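As the structure is a prediction and not an experimental result, all values here were calculated from the model.
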Amino acid sequence: MGGVVGRDESHKALMQETKFEAKIIEAVRKREAQGSSMKSFNSIILKFPKIDESFRKCKTTFEEFVNEDGNGSIEPQELKRCFRKLETKFTDEEIDDLFEACDINEDMRIKFNEFIVLLCLVYLLKEYPTAEQDKSQRGMPNLEATFETLVDTFVFLDKNRDGYVSRNEMVHAINETTAGERSSGRIAMKRFEEMDWDKNGMVNFKEFLFAFTHWVGIEDMDDEEGEGNM
């Protein structure tokens, strides 16, 4: 069992963490100390429809800011205005760090799936909502519960609580649900490859979030709207 959940220091030595990424990992590890309420990977899959619905309700908030110039995405200054309107207390430097971390295409624009990931990182870095007024001010009902589900899922997958999900940990999580099924290993490897987009063998929280938006269909939603705007 120790081999399944053991640390892989050689991989982490190769990972070039920025100061901001290190801050995210620290927040994840702090949350992991509380454990996870998830019992199996299937219990996560069953939550996909509700999570998708919650994300789509957030689309209205996103559109309030992209409609300022009609390009279908949020630019750096628009994100700062978004944070001010949502009354989320981050410095301009922290907002710039969030933007850079979530702009995976490096095109200086935040699309909807990137916006979802960004908000979840905000939730994590705030060490969970500290004031009830935050919920009403954001205009995104139930989104905090959805983000907690995502954090809880990552904690479930990260068996050794080191802030990363390894290939072995993913296989272990899938096998807990589908023990004895021949396809379980292939399923685990496919899911892991979808998460490990930088192909370094370890998945951090941000990579996990981007994969999750894909699993529940948020990228498809972006594609549909893009075709409608053509």
Side-chain angles (χ1 to χ4, degrees), residues 18-24 26-28 30-31 50-152 154 205-214 216-229:
T18 66
K19 182 179 178 182
F20 183 71
E21 288 168 342
K23 191 174 181 180
I24 293 172
E26 181 184 356
V28 168
K30 185 174 181 180
R31 170 58 181 82
K50 189 172 182 180
I51 291 170
D52 180 45
E53 180 183 358
S54 178
F55 283 168
R56 288 171 189 265
K57 287 179 180 178
C58 182
K59 187 71 173 178
T60 302
T61 302
F62 177 75
E63 289 175 343
E64 287 179 15
F65 300 98
V66 302
N67 285 341
E68 292 184 10
D69 57 20
N71 66 6
S73 58
I74 295 178
E75 297 178 357
Q77 290 306 314
E78 291 170 332
L79 183 63
K80 289 174 183 175
R81 287 196 291 272
C82 172
F83 271 56
R84 284 195 292 270
K85 185 170 182 178
L86 298 178
E87 299 187 26
T88 302
K89 296 178 180 177
F90 277 73
T91 66
D92 282 355
E93 182 181 359
E94 289 171 329
I95 296 172
D96 288 339
D97 286 340
L98 279 163
F99 191 101
E100 183 178 352
C102 296
D103 180 21
I104 56 171
N105 296 326
E106 298 183 351
D107 58 0
M108 297 302 291
R109 296 167 186 254
I110 295 291
K111 295 194 301 182
F112 182 56
N113 67 316
E114 295 170 328
F115 184 65
I116 290 291
V117 171
L118 187 149
L119 290 180
C120 192
L121 292 179
V122 168
Y123 172 80
L124 176 72
L125 292 171
K126 281 173 65 71
E127 299 181 355
Y128 309 113
T130 55
E132 283 298 316
Q133 61 186 17
D134 260 357
K135 295 185 179 182
S136 60
Q137 288 168 346
R138 292 180 194 177
M140 293 179 284
N142 302 321
L143 204 53
E144 286 81 3
T146 298
F147 290 153
E148 178 57 27
T149 297
L150 299 186
V151 174
D152 203 30
F154 187 86
F205 186 58
K206 185 180 74 173
E207 288 177 306
F208 162 76
L209 291 176
F210 275 111
F212 209 103
T213 63
H214 174 70
V216 300
I218 293 301
E219 286 183 341
D220 294 337
M221 185 180 180
D222 277 335
D223 292 341
E224 289 168 8
E225 299 203 351
E227 291 172 3
N229 292 329

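Between the side chain of Glu100 and the backbone N or O of Asp97, no donor-acceptor pair lies under 3.5 Å. Side chain of Asp103 to backbone of Asp107: a donor-acceptor contact under 3.5 angstrom is found.
The aromatic rings of Tyr123 and Phe147 sit tilted relative to each other, their planes meeting at an angle between 30° and 60°.
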For Ile116 and Phe112, run side chain to side chain contact (heavy atoms under 4.5 Å, CB included): C-alpha distance rounded to whole Å, both residues' side-chain angles, the deciding distance at 0.1 Å, then the answer.
CA-CA 6 Å; Ile116 290 291; Phe112 182 56; 3.9 Å; yes

Go through the steps to decide whether Lys111 and Glu114 satisfy the test side chain to side chain contact (heavy atoms under 4.5 Å, CB included), and finish with yes or no.
CA-CA 5 Å; Lys111 295 194 301 182; Glu114 295 170 328; 3.8 Å; yes

I would like to know whether Lys126 and Glu144 meet side chain to side chain contact (heavy atoms under 4.5 Å, CB included); could you show each step before the answer?
CA-CA 11 Å; Lys126 281 173 65 71; Glu144 286 81 3; over 6 Å; no

Is there a side chain to side chain contact (heavy atoms under 4.5 Å, CB included) between Leu118 and Ile74 once you walk through the steps?
CA-CA 12 Å; Leu118 187 149; Ile74 295 178; over 6 Å; no

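Proximity of Leu125 to Phe20: side-chain heavy atoms (C-beta onward) are separated by under 4.5 Å at one or more points. At a threshold of 4.5 Å between non-hydrogen side-chain atoms, the residues Phe212 and Val117 do not count as touching. Within the 4.5 Å cutoff, side-chain heavy atoms of Arg81 are placed close to those of Glu78.
Residues satisfying the salt bridge (Lys or Arg N to Asp or Glu O under 4.0 Å) criterion with Glu26, sequence neighbours excluded, are absent altogether.
Ion pairing between Lys19 and Glu93 fails under the 4.0 Å rule for side-chain N and carboxylate O. Under 4.0 Å is where a charged nitrogen must lie from a carboxylate oxygen, and between Arg31 and Glu148 at least one such pair does.
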